[in-house]
2 protein chains.
Amino acid sequence: MTNPPSVSRGRRPAQGDPVIDRAFALLTAFNETRRAMTLAELSRVTDTPPSTTLRLARRLLHLGALERDADGRFVVGLRLWEVASLAPRAHGLRTVALPFMEDLYEATHQHVLFAVLDGMEALLVERLSAREAIDVLYRVGGRLPLHSTGVGLVLLAHAAPDFQEAYLAQPLVHEPEGVPLSSAALRRALAEVRRNGIAVVNRQEPRPLLAAAAPVRGADGDVVAALSVVVPAGHTESRFISPALRATARALSRGLGAPVSAALPPGRFPDRP
Amino acid sequence: MTNPPSVSRGRRPAQGDPVIDRAFALLTAFNETRRAMTLAELSRVTDTPPSTTLRLARRLLHLGALERDADGRFVVGLRLWEVASLAPRAHGLRTVALPFMEDLYEATHQHVLFAVLDGMEALLVERLSAREAIDVLYRVGGRLPLHSTGVGLVLLAHAAPDFQEAYLAQPLVHEPEGVPLSSAALRRALAEVRRNGIAVVNRQEPRPLLAAAAPVRGADGDVVAALSVVVPAGHTESRFISPALRATARALSRGLGAPVSAALPPGRFPDRP
DNA sequence: GATCGCATGCCACTCAATGGAATTGCCGCT
DNA sequence: AGCGGCAATTCCATTGAGTGGCATGCGATC
């Protein structure tokens, strides 16, 4: 009787009744393509009655987690950003990484990416790009597929084995091209990444480009992030990029306190000492 | 000696009973000097019973707003950072500003700062620094006083008049030195900043340095941020910095859609057309 | 000027949040 | 080993904070 399976209308307005979930849903309703929303929009997107939405939004407004733009629409607030700047795996890593990224950037004047693993994707934590550099692929704060990007392959290749299996178990399609990717092929690619120490990806789709990515290790020796350089295909200095990338990633790892023996040959990192 | 348990105690646990306030208090409990906290610590800092703290923290954990580090302590989570990266006044501005900042950085190889106004302080949104650059003053995500920093003076000088008055009305002390600052002196300084188009600050305290800051204007022509270069005092190229800074700030403003007439002489921006 | 959608106020109902008490587990001290 | 002491966690009866339907005012659009 407690669970009348028939009629009785499943009155689940969503799955997240609790207040905090709703408030957070309000925040996550914002989107790369939806950075400012009216109350009605918010209400619709979060599937919450307007009065409730208003009450929540107002509170978040008061806290500075939301703000209103010139048109009175809601946008993500500075206070939220301020708090988020304390996230160790994002801003914390970035702080250490930025100077190293600048070294790479100054040497190559192309895209330099820095990403971490989150869920089944890579989260782009920082990107340096020349203003004249072509095709902006991903934005900072955006997510990248693990199987068709340099940073993604690096992160996946060094992730926990059971995570890798879970990832391999799902159907995979190369991102922009739409070409299916067999798990066997990906498995081979990952092995190659581990063996080689860096990942190299060639893409044609938005524009022919070459991406090289290297693992960054934290204090406990685990891979915590990936550093990458993206250059147009046929870039004259392509050949020089891998060594520079390797060296920088290793210097950065050392900066993060990784037990990096300077004597180890590149690509020969022991995953377990 | 702790708390007189009798006498019914005015039961104001804090001033923010509502759930969201508490959850946010949990997040804002994190600090530059307190980036990781145990449950008990969180409970103490937020003045919330452990059981309640745990419940809230768990929910935030589930949402990804919090994470646990290797030691099981709570830290700010990636998801929060991801959402916050959509804050127009922080990351949004930064995205446009970064390439310009890099130009300045490459020219000077000193500190390049980018800050916005929030509350009674400036919030440092981005900073580029050479690894060998001296004395790191403020961290990204940190707050700077308006009256004793270059970016602060610029933001204050172009803020709403009533805000300026409110700011001037409070007792002011120069930040690191502890020297009092009269409101008349600050008023003069602000006028000078408006007249000159940039703010120049000399400081001795942490180390002798020279900071120059220029206003950055948004699409509606208002000052939305400040761009600054900080160099050691006596830096050989100090003389060349102001022009470069002015030019870059103006280019950035144009990049933000500001109605910047290229013909206008520097420092002669009309606040109202 | 009629209509529609949005933002906001109001308020009785109710369900989710609360926190005290108890339990477990983990040190560090003797 | 044995013993506080503290942190983390579970449980549950109580209750007050959150809810959302309805009504209002406003401004655009037809």
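All figures in this text were calculated on a predicted structure; none of them were measured in a lab. Residue numbering restarts at 1 for every chain, and letters A, B, ... go by the order of the sequence lines. No hydrogens, no waters, no symmetry mates; every other heavy atom, side chains included, goes into these values.
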Output the rounded distance in Å from [atom1] ([X]) to [atom2] ([N]).
| X | N | atom1 | atom2 | answer |
| --- | --- | --- | --- | --- |
| B:I20 | C:dT18 | CD1 | P | 11 Å |
| A:L61 | C:dA7 | CG | P | 13 Å |
| A:L54 | C:dA7 | CG | C1' | 7 Å |
| B:D71 | C:dC27 | CG | P | 12 Å |
| B:E41 | D:dC6 | CD | P | 15 Å |
| A:R59 | C:dT8 | CZ | C1' | 16 Å |
| A:R55 | D:dG20 | CZ | P | 8 Å |
| B:L26 | C:dT18 | CG | C1' | 15 Å |

Measure the acute angle between the ring planes of A:W81 and A:H91, then classify it against the limits of 30° and 60° as parallel, tilted or perpendicular.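 If you compare the ring of A:W81 with that of A:H91, the planes turn out perpendicular.
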
[X] side-chain proximity, nearest of [options]:
| X | options | result |
| --- | --- | --- |
| A:R44 | C:dA7, C:dA17, C:dC6 | C:dC6 |
| A:P49 | D:dG20, D:dG18, D:dT19 | D:dG20 |
| A:S51 | D:dT19, C:dC10, C:dA7 | C:dC10 |
| B:L39 | D:dT9, C:dC6, D:dG18 | D:dT9 |
| A:T52 | D:dA8, D:dG20, C:dG19 | D:dG20 |

Think B:R127 forms a cation-pi with B:F114, using NZ or CZ under 6.0 Å from the six-ring centre and within 45 degrees of its axis?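 Pair B:R127/B:F114 does not count as cation-pi.
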
Ionic contact status for B:R143 with B:D118, cut-off 4.0 Å: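 Salt bridge present between B:D118 and B:R143.
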
A:R22 side-chain N/O to D:dG20 phosphate OP1/OP2 under 4.0 Å: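 Yes, within the criterion.
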
Any B:R58 side-chain N or O less than 4.0 Å from OP1/OP2 of D:dA8: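 Checking D:dA8 against B:R58, no side-chain N or O comes under 4.0 Å of OP1 or OP2.
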
What's B:R73 touching, base or sugar-phosphate or nothing? Going by heavy atoms closer than 4.0 Å.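 Result for B:R73 = nothing.
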
Assign A:T38 to base, sugar-phosphate, or nothing according to its heavy-atom contacts below 4.0 angstrom with the strands shown.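 The answer is sugar-phosphate, as A:T38 gets under 4.0 Å only of primed atoms, P, OP1 or OP2.
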
Backbone N/O of B:L156 and side chain of B:Q164: donor-acceptor pair under 3.5 Å: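 Judged by distance alone, yes, a pair lies under 3.5 Å.
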
Residue pair A:R79 / B:T28, side-chain donor-acceptor N/O under 3.5 Å: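 No, because no side-chain N or O of A:R79 sits under 3.5 Å from a partner of the opposite role on B:T28.
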
